[in-house]
Protein chains: 2
Amino acid sequence: MPRVGIREVAALADVSMGTVSHFLNHPTRVSAEKAKRIQEAIEKLGFVRNNAGRQLRLGRSSTVAYIVPDVSNPFFATIAEGVERRAAQAGLSVFLANSGGDRAREDSYLALFEEQGVRGMLVASHDPIEDRLAAARTRGTPSVLVGRRANSAAQPSISIDDVSGGYLAARHLIEIGCRRIAFVGGPLGIQQIADRLQGASNAVRESGTAMLEIIDIEHRIISVGHKVGAELSGRPAEHRPDGIFAVNDLLGIGLVQTLVGNGVRVPEDIAVVGYDDIEYAENSLVPLTSVRPPHEDFGIAAVDLLLTVIGDAPLPAETQLVFAPDLVVRRSTTRG
Amino acid sequence: MPRVGIREVAALADVSMGTVSHFLNHPTRVSAEKAKRIQEAIEKLGFVRNNAGRQLRLGRSSTVAYIVPDVSNPFFATIAEGVERRAAQAGLSVFLANSGGDRAREDSYLALFEEQGVRGMLVASHDPIEDRLAAARTRGTPSVLVGRRANSAAQPSISIDDVSGGYLAARHLIEIGCRRIAFVGGPLGIQQIADRLQGASNAVRESGTAMLEIIDIEHRIISVGHKVGAELSGRPAEHRPDGIFAVNDLLGIGLVQTLVGNGVRVPEDIAVVGYDDIEYAENSLVPLTSVRPPHEDFGIAAVDLLLTVIGDAPLPAETQLVFAPDLVVRRSTTRG
DNA sequence: ATGAAAGCGCTAACAG
DNA sequence: CTGTTAGCGCTTTCAT
């Protein structure tokens, strides 16, 4: 079958190509009668507008990209919801891409989206990536760094104040009476993790009475939480922490499971605070107190920031947005 | 700045546009010297190939789409891994899209990707969608239905044999001695769910001695598992099931948590089997026995099937692929 | 309200 | 090995 384009539609509807195009882009400027004929022809022929031609002519697309290290991470997935909703309102479509935390894939997606001519990119990454984004920007594709504050003033970013998050978590533990606090997290080479530790450390120092033990780990997943939990359960009670700040909820969930399974009471013997407030935190064995970033608003704000950078919205003074997290208190830190 | 295209590169490198294009597409056919000049010009100017022009000229793109109801669902996320890896091998890029289970968004993505001219689409959906896919197919965009066997012979699909999965789960419970089996799942309007029940029912009937109770639910999430678990714990022991087949792992995890929390022993009093074998199943309080679809291979096979449909690979006799699930036995059904 | 025509950036066929 | 050129499908002036 011959590929059906605007020309075939025009022929069948007995109008010119220009009129069909008008119908597609400014429906009001076409007489009702011809509009009807065109509509029928479109349906009869199964016409689908070719975006390549359109985009080539217009010089721009109406899509943005959202690149994440791990789509299945509820943190990014929830943000994606907000991103898509807000983008749709602005008449933009979102291409999602999963880099898997892999540098090569990240680069190849960045290149792909540049070639696609996306209007802009939202990029979450654990790697140093500002140089790539700067390069893309000079070539005409702006971006917003998501989840981490940019070093360069020229790179817009939107992030959580992790120092403040860590502080909230540790101070809460101290307030409910904990004095031997363990920080479970790593690697400290990741800025967000280091910041959370910094915040916790600030709270501990400020208290004057509490102390902080650091349990450095490689992977922030449930099974590592189990491992650390087993180690802690095995210690004599007087050498155990009485409060744990787990640097994410998966760790916290694993810790709680193993501690409770080994007869350590949570929160009576050890109180536990997580981070991210993923869905599983609320629904775990002992509902987990957690530091909650503003998920929904975050995606919306990210798109808004990107729109301003693109120039579809007025330029703000500030392009480095930092959100303050909340603390959601649940049973894992509710004593008495 | 004037948008830099192949023409500007050619001018700076002092060659013709055609040579630059050759360099881009058939690097071997360009003399080393000019190749070097062109490469330098590209870097100096920050040239990015415009895909719209390329695609318009070629008449096709090198991308495929993967549309899922929920990217954060580990089931789809794991498949996405395989999809991306295989697609990359075939020189294709993958656009991921999240329909959120929403009909309107699903439709809008289908339309978007058709206009984008993707080579093909992988589509997972809970809704009846074959008519849309058939329409897209007649208009030139083929697809593979993922996760559910297609009704129409013309629609390629790749799915799990859920009847067999349900059978495996129930038979296992019977084999370890369960006689009062509860099926926790719903809505039965979803084919996959109905199939799992069918399989379980087959195993029960076959046994001749066991009986099956159906607990129909609306949402297959952890908190519903908690609710059902609470209800079951409240029953007098003689009216409780001694084995539960939870139609997905989230339900199973919630059930186990609440049962154990209420003093019902798992697996001694009630054994529990889940479905999907998500990561959390292995790492839950009582590691959960689960029916495991072949995640990794699934994504790969989906892409391979799409390639054959597109015509980049030889046509197979069969375009309705069905994978058999395994049973992964863990502590939640290990008695004695 | 409608039509005619130019041209967006690129590739491949062809000529040299 | 390199240059010239036509044209992919579409939108948008500019006339009418």
Side-chain angles (χ1 to χ4, degrees), chain A residues 1-39 41-42 45-63 111-112 114-118 139-141, chain B residues 1-39 41-42 45-62 111-112 114-119 139-141:
Chain A
M1 67 188 171
R3 185 82 180 117
V4 17
I6 214 176
R7 184 180 354 263
E8 285 69 35
V9 173
L12 182 57
D14 194 29
V15 297
S16 75
M17 283 174 53
T19 304
V20 175
S21 181
H22 275 136
F23 171 78
L24 258 21
N25 299 292
H26 314 281
T28 58
R29 294 186 203 160
V30 174
S31 72
E33 193 218 352
K34 301 211 171 179
K36 182 162 155 290
R37 292 219 306 268
I38 294 172
Q39 182 59 48
I42 286 178
L45 298 172
F47 165 75
V48 175
R49 184 213 251 133
N50 178 325
N51 179 71
R54 174 187 173 77
Q55 186 171 329
L56 181 57
R57 176 63 227 230
L58 290 178
R60 59 197 175 74
S61 73
S62 55
T63 55
L112 173 69
E114 271 197 78
E115 293 189 0
Q116 289 287 334
V118 297
R139 292 188 295 253
T141 306
Chain B
M1 67 188 173
R3 185 83 181 114
V4 16
I6 213 176
R7 184 180 354 264
E8 285 70 34
V9 173
L12 181 59
D14 195 28
V15 297
S16 75
M17 282 174 55
T19 305
V20 176
S21 180
H22 275 137
F23 171 78
L24 259 20
N25 299 293
H26 313 281
T28 56
R29 295 189 202 157
V30 175
S31 72
E33 192 217 352
K34 302 212 170 179
K36 182 161 155 292
R37 293 219 304 270
I38 294 172
Q39 181 59 48
I42 286 178
L45 296 172
F47 165 75
V48 175
R49 184 212 252 136
N50 178 327
N51 179 70
R54 173 185 174 77
Q55 186 172 328
L56 181 57
R57 175 63 226 229
L58 290 178
R60 57 196 176 75
S61 73
S62 55
L112 174 68
E114 271 197 78
E115 292 189 1
Q116 290 287 335
V118 298
R119 295 288 279 284
R139 291 188 295 254
T141 306

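So that the names make sense, note that chain A is the first sequence line, chain B the second, and so on, each numbered from 1.
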Side chain of B:F47 - closest among D:dT11, C:dC10, D:dG3:
C:dC10
Indicate, with a heavy-atom threshold strictly under 4.0 Å, whether B:S21 touches base, sugar-phosphate, or nothing.
base
Closer to the 5' end of DNA chain D via nearest nucleotide, is it B:E33 or A:V20?
B:E33
Would you classify A:F23 as touching base, sugar-phosphate or nothing, given that sugar-phosphate means primed atoms plus P, OP1 and OP2, and contacts are heavy atoms under 4.0 Å?
nothing
Return whichever of B:R29 or A:L56 has its heavy-atom-nearest nucleotide of DNA chain D closer to the 5' end.
B:R29
Phosphate oxygens OP1/OP2 of C:dG3: is one of them under 4.0 Å from a side-chain N or O of A:H22?
no
How would you label the contact of A:L58 with the nucleic acid (heavy atoms, under 4.0 Å): base, sugar-phosphate, or nothing?
sugar-phosphate
Classify A:N25 by what it touches in the nucleic acid, base, sugar-phosphate, or nothing, heavy-atom distance under 4.0 Å.
sugar-phosphate
May I ask you to evaluate whether A:S31 reaches the phosphate of C:dT2, defined as a side-chain N or O under 4.0 Å from OP1 or OP2?
yes
So, OP1 or OP2 of D:dT11: does either fall under 4.0 Å of a side-chain N or O from A:H26?
no
Does a side-chain N or O from A:R54 land closer than 4.0 Å to OP1 or OP2 of D:dT11, or not?
yes
Is the shortest side-chain N/O distance from A:S16 to OP1 or OP2 of C:dG3 below 4.0 Å?
yes
Short side-chain to backbone donor-acceptor contact, A:E8 and A:G5, under 3.5 Å
yes
Just to be sure I understand the rule, does B:G5 reach a base, reach only the sugar-phosphate, or reach nothing, if contact means heavy atoms closer than 4.0 Å?
sugar-phosphate
Within the side chain of B:R119, is there an N or O that forms a donor-acceptor pair under 3.5 Å with the backbone of B:S61?
yes
Listed nucleotide nearest any side-chain atom of A:T19, set C:dA6, C:dG3, C:dT11:
C:dG3
Checking contacts here: which listed nucleotide (C:dT11, D:dG3, C:dG9) is nearest the side-chain heavy atoms of B:R49?
C:dT11
OP1 or OP2 of C:dT2 sitting under 4.0 Å from any side-chain N/O of A:K34?
yes
